[in-house]
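Input: a single structure, listed below in structure tokens.
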Amino acid sequence: MNALNTTANINDPDGFYGELIAAHQGLSDDESEAFNARLILTLANHVGDREVLREALAVAAKKE
Amino acid sequence: MLDDRYTLAFKLYPYAKVADQDRDAPVRHPVVVMGGGPIGMATALDLGLQGIPVLVLDDHEGIGMGSRAICFSKRCLEVADRYGCGEAMLDKGVVWNVGKVFHDDRQVFEFNLLPEKGHKFPAFINLQQPYFERFIIDRIWQAQKEGAPIEIRGKNRVDAVEEHGRYVTLDVMTPDGPYKVEADWLIGCDGAGSPLRKMLGQEFEGRVFEDNFLIADIKMQADFPVERWFWFDPYFKSGDSALLHSQPDGVWRIDFQLGWDIDRKEELKQENIDRRLKQMLGDDVEYEMVWSSIYTFQCRRMREFRHGRVIFAGDAAHQVSPFGARGANSGMQDVDNLGWKLGLVIEGKAPESLLDTYHEERSFGADENILNSTRATDFITPKTKMSRIFRDAVLDLSEDHAFARPFVNSGRLSVPCTYDGLSLNGPDELPGGPARSRVGSACPDAPLGGDYLLGKLGGSFTILTIDADAPESVEVDGITATRLALSASDDATGALAERYLGDAESAVYLIRPDQHVAARWSTCDETALRAALRHACGKD
């Protein structure tokens, strides 16, 4: 059974974060939202595992 | 005409008329340093200790008021220690290791610099800049008594420069009127606003950040720990972000992010500073104002640090945001890099082209600092809706999830630059050798009984051998590298072996005068050693 990895897992986090922000440069709000949607779907496909995706949805929902 | 632009903390070198001013023809000096801040004075000290005559021209008569830079890094202190003033800084400074990051009223992240054992200097000290400068100048006075040819002229303002290929003429203004000075080499250490840079028509390229920060340094009896505390969107609403950091003498650095459209004059009024401070500290806390200032900042550098016989160092050459303590700390690494190279060139032992590697290595360092400081600034002051959404998402997730914490960026603290892949580097032929002491890196310190390794390195070339044979010295065109013979058993803690041998049985390091590794091998081949020494001096 796979579990969502919530430990730090990205090499060079500052570099990735910078690229992520840069990818939105010059986009309108609508374009940015569409970009994020495409990115989420692409990454979700890479993850694949339904259980892991369900856990990720719960993290993002962040129920107080 | 020669009014002070700022108030002095210490008046140390009052104007005094010198013979140069009455001569018909200008007097030629081997090196003139323009600017008497920490970088200019450290440059003078480095060259003076090598016996090279150096003249500092400063348009003031001492050290400016205001805490300004307060975080001094380990590498910076190691450089200062090589000059003989690092211990005084450490004694006066406040050592800190823990940083906490808050979002609103919740802690989202904590770091500990976790100082590794077996180093003479800690990862960071906090020390008001005037003290830092004072210790350098105290050391200059002492060196002068020991014969170091350093001269400082206060209230000597450089108004114009003229380049003549192999020398530079300077028009200098004094309270007794103008005179001219000639310099074989002119080092521009005249700060971020560098008049010299403008005189040469050189511009600064990079980004200006649209934000204002208010510094309020206050003296108070407070039971805050000696830690760096940083708030994003603080609950006390004194600014968009806030910083609290301890300094010597019971002084605290408090920094508020004010935004772009502000009325500077209004914000600097005491009642307005008090209002922000009381929101943060509560009404009951008593404090005394030490210094306040509003600053904006840029991340940019000159395209070239060397222009023939004119060389720039410190903020004059590159400027970063304060997040990460990469300003003065990188300036000291400039001095460390430039000093020995200029010394060899002036003594005729190395070609002038060696000085181009000063630009190569230190602009590499500046780019690293600018990248880190720009990223921190973008995180602290997001400038678009989407970058704020991501920033706030990182902060939200960080409370509960470890994976988000590495993205939290309130400043990546200054670490020494490793000159990976640059042209002075020699062979790296130590199989199993540690990555941290690879060719191009600044030597890590290590304990040696009651002493430390770095105190035995630097100033000239060293052949560090660990359980290996090598000649006691090698010489190339008057440049000597002297052996320091050690054994892994010289350090019972094992740190020396861990930092310099790794999995290797023995090692031979060629170490530059600025304590950077020029080449390394597992055993000594004298031919290879001589070739590496030539190469490290720009001789091929």
Side-chain angles (χ1 to χ4, degrees), chain A, chain B residues 101 103-106 108-111 207 209 232 299 320-321 323-324 326 367-415 418 420 435:
Chain A
M1 196 183 83
N2 295 317
L4 180 72
N5 183 359
T6 56
T7 59
N9 191 37
I10 298 178
N11 278 330
D12 182 22
D14 286 349
F16 165 69
Y17 191 81
E19 276 181 55
L20 177 62
I21 300 303
H24 285 275
Q25 282 283 328
L27 300 189
S28 68
D29 290 351
D30 284 351
E31 287 167 338
S32 272
E33 285 184 36
F35 178 97
N36 284 339
R38 292 192 294 270
L39 182 64
I40 290 164
L41 293 170
T42 307
L43 295 176
N45 177 65
H46 180 82
V47 171
D49 189 302
R50 289 281 285 107
E51 186 51 38
V52 173
L53 289 169
R54 204 169 286 126
E55 285 181 48
L57 289 171
V59 165
K62 200 177 186 286
K63 296 197 182 68
E64 301 282 342
Chain B
V101 178
H103 182 207
D104 195 354
D105 59 350
R106 302 175 297 277
V108 294
F109 183 58
E110 175 172 338
F111 62 84
R207 270 177 72 185
F209 288 85
F232 292 101
C299 286
V320 293
S321 79
F323 311 114
R326 289 167 181 270
D367 287 345
E368 191 175 282
N369 289 324
I370 287 170
L371 178 65
N372 278 289
S373 134
T374 300
R375 285 171 174 171
T377 309
D378 282 338
F379 194 87
I380 293 167
T381 67
K383 286 295 176 283
T384 64
K385 186 178 164 191
M386 192 47 68
S387 61
R388 172 167 279 274
I389 286 173
F390 274 111
R391 200 284 299 271
D392 290 346
V394 165
L395 293 173
D396 277 342
L397 289 167
S398 293
E399 268 180 72
D400 296 326
H401 300 291
F403 80 89
R405 288 171 204 149
F407 294 124
V408 176
N409 191 343
S410 69
R412 301 286 183 233
L413 292 166
S414 177
V415 290
T418 299
D420 281 321

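In what follows, every chain begins at residue 1, and chains take the letters A, B, ... in the order their sequences are listed.
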Neighbour count >12 (heavy atoms, 6.0 Å) for atom CZ, A:Arg50: no
All inter-chain donor-acceptor pairs under 3.5 Å (chain A, chain B):
| from | atom 1 | to | atom 2 | distance (Å) |
| --- | --- | --- | --- | --- |
| A:Thr6 | O | B:Phe403 | N | 2.9 |
| A:Asp14 | OD1 | B:Arg412 | NE | 3.3 |
| A:Asp14 | OD1 | B:Arg412 | NH2 | 2.7 |
| A:Asp14 | OD2 | B:Arg412 | NE | 2.5 |
| A:Tyr17 | OH | B:Arg391 | N | 3.2 |
| A:Asp29 | OD2 | B:Lys385 | NZ | 3.3 |

Taking side-chain contact (heavy atoms from CB on, under 4.5 Å) as the definition, give me every residue that meets it alongside A:Ile10, ordered by chain and number, with sequence neighbours left out.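 side-chain contact (heavy atoms from CB on, under 4.5 Å) check on A:Ile10 returns A:Phe16, B:Phe407.
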